[in-house]
Amino acid sequence: MPLNQFVKSLNEILSSAKLCISISWNASALFTVIRMVSKVITPLCSLVFSYLSKNLIDELTLTQSRNVIFYTVLLIILFSMIGLIMRKISDYSENIHDALIGKQIQTLIMDQMKTADIKFFDDPDYLNSYSFASTNVYAVTNLLWNIIDLVASIISFAIIIVSIAKLNIIYGLLVLLTALPTAVASRYFTQKGFDLTREQLTLERKKNYLVNLISDRDYAKEIRVLNVGDFLSKRYHKLWTLTFIKQKKLLSKRTLVSFILELPQLGAYVYILLSISLAIKNQASTLGDLTFWISIYSQFQMHINLIVGNSIGIYEKRMHASEFNKFESSLTARMKDGKKEITCVESIEFRNVEFKYPGSKKKVLNSMSFSIKKGQFVILVGENGSGKSTIVKLLLRLYDPSDGEILINGVNIKEYQLNSLRSCFATYFQEAPNYAFSLRENVSLSDAEEPGSDEMVMAALKKSKGDSIPLKTKAGLDAQLFRMLLSNSCDEALDLSGGEMQKIALARTLYRDRPIWVLDEPSSALDPESENSIYDTIAKPAPNRITILVSHRLSCAVGADLILVIKRGTLIEQGNHTALIENGGEYAKLYHFQANRYE
């Protein structure tokens, strides 16, 4: 390996080790120290035990000194007890510490994910990086223990080599030389294995998607009605076969090579065993030397395997830690937070806004300009894919415009703190999800730390025409929405229709008393009576609020203060219902088309 490449690898290992120590120490400083100390002391106790056992056998067979035998036995017992205690402390500490480390890393991942820009969820490289980080949680901090184990094994290994060399220098060189090819081969195959894992990440995500798809309640009905269960299973089997064939080929090659390379090690062991046995016969060695050799060689094998394994582990975990760093650093390019706070909203203005989704060359919005004042009820209309929902995403600053600017109260929204800006909105997204929490928590999720009172939650459900939902179970507002997190099959959960689910999600929006309401197709699954009632609530005059509605149902646009007609990302018309009908443009055409269907 060239010197510059070695230095680069060493710097990467040290950098990764620093990350590992930080995570381990933050999880528990006490357990970090205990594990470090026990990993060094435990193998040394085994070496001392082997040496004392040799001396005991020699004393028993040669000099037979009672005092020496007595104190040797005491030392053997003492070091055996120290070794046992250290192993038990190590086992206990490792289990507890690993749990704390797992929580620490998962918390780091969750902290990154919960604030990541929406654009990252559309980036395959980011998704691969997240998948790698989340499925190799302990691999990151295991680098630290690989390093500690390596240091302890090298110390023990050096002592063993010196001990073997004292028997015969040839023995020491022989066991060392026969072990080196195995180490080189192991490193080679570890790199190949890591590269294969990285190569198959996309296939693994596809496999996991199919498994989750078949077990997902939302898809269960359609999978059965369409009878596509076997089709999905076959697709999974095909993907599994693609990954397994390559993994099996690499494993077979690795097994064969390691078998061939370990034969010289076995030959060396047999040769030394026979040599010492002949030496004992010729009275050139003692029985203690033989037992010491058998004991020390098994430890030599263990430590050479540990050195090889930990060296490989360090190399492998360095790559894992590098991927974890990559995952963290991939989120550093997130949108910049502003410094200003916002408490009231007087106006909203889009000024020559253009937008392309990350990784796409196609413009979704073209020179979009309009203004909205406090107290106005505004409706965005247009065909599917025209850019209506994109306007909502930009207003909430889930994305930033490619060009132009968005102003609230005459200030570019980039200058506002993100949390402050988004706290101004009560938002209903198209096909808004619900959560496997209680009905109360689902409605009052915007104030999750303080679950809403019965009066507040029921008031929101009444606005969304969902006030009959709590009556379905004895638990009322504290009933669970889904069965997936119930403790047993006897517990009760709400079994709701798509329309009822939409009413709950809408109640969550109406629960928030915010200066801007934004609702994207809030009635797609509702019955006509509920839909009409909800539109009455939304369109009700509110002098201190801006209401923005995205809808294909133009009957609700009649009473709007402002209608924005979007077509292929361009604002082609704006005005109230009367003005746009008189204008006879796109809006008038769409409105009359829908009206004629009811005549």
Is the closest side-chain donor-acceptor distance between [X] and [Y] under 3.5 Å?
| X | Y | answer |
| --- | --- | --- |
| S233 | R235 | no |
| E346 | N409 | no |
| N366 | R568 | no |

What residues, two or more places apart in sequence or in another chain, satisfy side chain to side chain donor-acceptor pair (under 3.5 Å) together with K463?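 Here no residue qualifies.
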Excluding sequence neighbours, so at least two apart, what forms ring-ring contact (aromatic ring centres under 6.0 Å, His included) with [X]?
| X | value |
| --- | --- |
| Y236 | none |
| Y399 | F355, Y357 |
| W25 | none |

Excluding sequence neighbours, so at least two apart, what forms side-chain contact (heavy atoms from CB on, under 4.5 Å) with [X]?
| X | answer |
| --- | --- |
| Q104 | I23, N26, A27 |
| S453 | E455, M456 |
| A560 | F377, I379, I563 |
| E441 | F437, S438 |

Partners passing salt bridge (charged side-chain N to carboxylate O under 4.0 Å, His left out) against [X] (at least two apart in sequence or in another chain):
| X | result |
| --- | --- |
| K207 | E204 |
| E383 | none |
| K567 | E586 |
| D403 | none |

Side-chain contact test, heavy atoms from C-beta onward, threshold under 4.5 Å: evaluate it for V550 versus L519 and give yes or no.
->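 No, every pair of side-chain atoms sits at 4.5 Å or beyond.
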| field | Rounded distance [0.5 Å steps], CG in L30 versus CZ in R35 | value |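 Between atom CG of L30 and atom CZ of R35 there are 12.0 Å.
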| Does the pair D454/R440 count as a salt bridge with the N-to-O cut at 4.0 Å? |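 Yes, this pair counts.
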### Message
Would you call the rings of F370 and F350 parallel, tilted or perpendicular, taking 30° and 60° as the class edges?
### Response
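The arrangement is parallel - the two ring planes meet at less than 30°.
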